[in-house]
Amino acid sequence: MAVRVFDTRSRTKRKLETIEDGKVGLYACGITPYSPSHIGHARQAISFDIIVRWLRKSGFDVSYITNFTDVDDKIIAVANEEGVDFLEVANRNISDYFESMDALNVIRADAYPRVTETIPEIIEMVETLIEKGHAYLAEDGVYFEIDTSPEKYGQLTGQTLEMVRSGAGGRVDKTGSGKRDHRDFALWKMAKPGEPFWESPWGEGRPGWHIECSAMSLKHLGERFDIHGGGSDLLFPHHEAEIFQSECCLGHDPVVQYWIHNGMINIDGEKMSKSLGNFWTISEALENVDPLVLRYTLINAPYRQPVDFNQVMIDDSESHHNRLVTCYGEGLSKHGSGEWSNFPDLVEAAKRLEEGMNDDFNTRIALVEVQVVSKWLRGLLNSGSRSNEISGAVGWISEFAGDVLGLLPTKEKALARMESHESVKDEVAPKVGNLLAERESARKSKDWGRADEIRDELAGMGVIVEDGPNGATWRIE
RNA sequence: GCACGAGUGGCAGAGCAGCUAUGCAAUGGACUGCAGAUCCAUGGACCCGGGUGCAAAUCCCGGCUCGUGCUCCA
């Protein structure tokens with residue numbers, strides 16, 4: 001079954017046809033590490049993590065590259081404020097990023113190139129652009145000249161040169177730069193006093209924003225590659241600038257076959273921003289939310305839709321996720337993980353999930369099927385028989401909720417969780433037994449007050465009592 | 001202002017012209033002393049106004065609302 005991908009440039013879903021059969025080169029714009037990562041970064045990383053997982057499952061050999069823009073104005077500003085080297089700031093935030101990604105069960109990319117390790121390639125690219133007449137040297141830097149290939153303008157955003165020309169008015173002066181046209185953008189910035197710099201043919205300076213991604217994708221994926229992604233806020237100007245740079249430098253187009261962009265996060269219906277005070281870093285979020293629940297919340301909508309991050313969504317995700325992990329763990333510990341392909345219900349669910357994922361990686365549809373199978377499994381566990389079906393459902397969940405969506409703890413952890421439950425259970429069992437016996441006799445004499453009292457007492461110990469037709473059962477919360 | 005995208009039941013979201021989406025929640029019932037769990041059943045939607053179709057949530061036109069971008073941003 002073919003994978004279909006929504007390509008931002010053509011604004012349509014297109015069947016994924018790769019340059020080289022069976023291989024996918026995927027570059028996703030990563031972070032600028034000037035502050036700890038926020039949940040928007042988490043959404044971006046998780047979106048692409050799942051895309052990569054699905055492509056690999058579909059049989060593609062994927063090269064997944066995501067970068068760090070580890071030198072830029074904001075990093076320098078933070079470094080100056082703290083009186084430390086800019087790399088110290090970048091490295092600290094990169095560590096924070098990796099820590100968060102590990103917690104969120106994001107599989108590492110194949111490479112994490114950094115601007116500071118790509119300077120020679122960047123310089124080479126800028127030189128080529130100057131040679132080919134697409135860039136010019138000004139007093140304060142080297143600029144790309146938009147007018148040398150105006151036809152490339154607006155490929156992703158649909159804006160035309162004229163619109164921006166008429167719309168942006170007085171900003172030319174504001175930039176205070178040596179630009180010939182306000183839409184030109186910097187390829188190389190001459191160093192100001194106190195700024196980090198590298199030697200270049202044009203003097204000491206550093207790369208402009210945009211060029212690093214052209215250089216790094218070229219270096220790691222070649223002159224043409226399949227998919228370029230990032231947050232939708234990078235559409236303009238960042239990705240359009242990349243199109244100018246890469247295509248003009250390499251002399252062919254398109255360099256990128258498919259552009260894909262993930263949607264933003266809103267908090268309670270409002271844009272997440274520092275000024276609104278509704279800004280969540282990942283580590284802040286993880287103080288209140290289990291990382292896998294956060295992951296669940298963030299894939300609750302397909303990656304292109306905006307996600308509204310609010311308490312209701314989190315609570316929903318938490319209960320769904322708990323249910324999933326609980327029945328998975330229980331099934332796993334009692335019957336193990338087995339083959340699912342013999343059971344029509346599971347085959348159907350897998351088929352619908354695959355159709356959803358093949359249709360532009362629709363995680364929402366996948367999640368519905370995961371819920372359907374969890375429900376099915378719960379029913380089986382309650383009925384207490386048919387262990388082949390149970391282990392089949394566990395295998396199904398392990399494959400799709402686990403491997404594909406990354407929502408499950410490791411088998412070891414799930415079993416350990418069950419075991420710790422068991423050991424707690426063993427520990428309290430005698431006491432619970434006594435209390436339950438007492439409650440039973442209270443119930444027999446219709447002393448409901450005492451019976452409920454005992455139930456409350458047990459609840460205080462984390463023991464949930466459930467009366468059934470064959471007497472009371474209990475479990476650890 | 002301009003560009004792009006979106007508006008479906010309480011919520012999240014399918015649907016790409018005719019057939020119950022689904023999950024969660026809700027309601028009713030079964031079981032319960034009550035609660036919980038479970039099982040069965042049920043209701044409920046397509047932003048507004050036009051148009052084209054035998055038939056429109058689905059296509060076309062016009063509005064309205066929201067989001068994002070146009071400046072650093074995943």
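The figures that follow rest on heavy atoms only: side chains count, while hydrogens, waters and symmetry mates do not.
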Sugar-phosphate, base or nothing in reach of A:G263, heavy atoms under 4.0 Å: base
Minimum side-chain heavy-atom gap A:M461-A:V428 below 4.5 Å: yes
is_close_aromatic(A:H38, A:W280), centroid dist under 6.0 Å: no
Base paired to B:G67 (Watson-Crick or G-U; both N/O distances under 3.5 angstrom): B:C4
Donor-acceptor pair under 3.5 Å, A:N300 side chain vs B:G13 base: no
Aromatic ring proximity, centroids under 6.0 angstrom, A:Y328 and A:W396: no
Sugar-phosphate, base or nothing in reach of A:H320, heavy atoms under 4.0 Å: sugar-phosphate
From B:U22, B:G33, B:A14, nucleotide with atom closest to A:R443 side chain: B:G33
Pair partner, B:G9 [Watson-Crick or wobble, under 3.5 Å]: none
Nearest-angstrom distance, P atom, B:C46 to B:G7: 15 Å
G-U wobble or Watson-Crick pairing nucleotide for B:A41 (cut-off 3.5 Å, both distances): B:U27
Conformer about C1'-N of B:G33 - syn within 90° of 0, anti elsewhere: anti
Integer angstrom distance from the P of B:G51 to that of B:C40: 46 Å
Watson-Crick or G-U counterpart of B:G33, or none if no pair lies under 3.5 Å: none
Point-to-point distance, once rounded to the nearest 0.5 Å, from CD1 of A:I75 to OG1 of A:T69: 7.5 Å
Rounded distance in Å between the C1' positions of B:A17 and B:A55: 8 Å
Selected nucleotide, minimal atom distance to A:R455 side chain, candidates B:C16, B:G33, B:U68: B:G33
Sugar-phosphate only, base, or nothing, as touched by A:V465 at under 4.0 Å among non-hydrogen atoms: base
Between A:R114 and A:N91: side-chain donor-acceptor atoms closer than 3.5 Å: yes
Nucleotide paired to B:G53 in any strand shown, Watson-Crick or G-U, under 3.5 Å: none
Base B:C72 paired with A:D72 side chain (donor-acceptor, <3.5 Å): no
Pairing partner (Watson-Crick or G-U wobble, both distances under 3.5 angstrom) of B:C72: none
Face-on cation placement of A:R14 at A:Y258 ring, 6.0 Å and 45° thresholds: yes
B:C24 base / A:R323 side chain donor-acceptor hit below 3.5 Å: no
Contact under 4.0 Å: A:R378 side-chain N or O vs B:U38 OP1/OP2: yes
P spacing across the pair B:A26 / B:C11, given as an integer number of angstrom: 14 Å
Distance below 4.0 Å between A:N362 side-chain N/O and B:A14 OP1 or OP2: yes
hbond_proxy A:R304 side chain to B:G13 base (donor-acceptor, 3.5 Å cutoff): no
Along RNA chain B (nearest heavy atom to each residue), the more 5'-positioned of A:D452 and A:L234: A:D452
Watson-Crick or G-U wobble mate for B:G62, both contacts under 3.5 Å: B:C48
Below 4.0 Å: OP1/OP2 of B:U22 and any side-chain N or O of A:K375: no
Sugar-phosphate, base or nothing in reach of A:V312, heavy atoms under 4.0 Å: nothing
Integer angstrom distance from the C1' of B:C31 to that of B:U65: 48 Å
Pi stacking test for A:F236 and B:G69: under 5.5 Å apart, planes under 30°: no
Sugar-phosphate, base or nothing in reach of A:A301, heavy atoms under 4.0 Å: sugar-phosphate
Distance-only donor-acceptor test (3.5 Å): side chain A:R11, base B:G5: no
Of the listed nucleotides B:G33, B:G23, B:G15, the one nearest the side chain of A:D359: B:G15
B:C19: pairing nucleotide in any strand, Watson-Crick or G-U under 3.5 angstrom: none
Touch class at under 4.0 angstrom, heavy-atom based, for A:I265 against every strand present: base
A:F144 and A:F185 aromatic ring geometry - parallel, tilted or perpendicular at 30°/60° bounds: parallel
Spacing of the C1' atoms in B:C2 and B:U71 (rounded, Å): 16 Å
Nearest-neighbour nucleotide for the A:M313 side chain, B:A74, B:C70, B:A12 considered: B:A12
Distance in angstrom units between A:Q305 CD and B:C66 P, rounded: 18 Å
Residue closer to the 5' end of RNA chain B, A:R439 versus A:G40 (nearest nucleotide): A:R439
Under 3.5 Å donor-acceptor pair, A:R364 side-chain atoms to B:A14 base atoms: no
B:A30 versus B:G67 - spacing of their C1' atoms, nearest Å: 47 Å
Pairwise P distance for B:C72 and B:G18, with rounding to whole Å: 47 Å
Straight-line distance of A:D290 CG to A:I314 CD1, nearest 0.5 Å: 12.0 Å
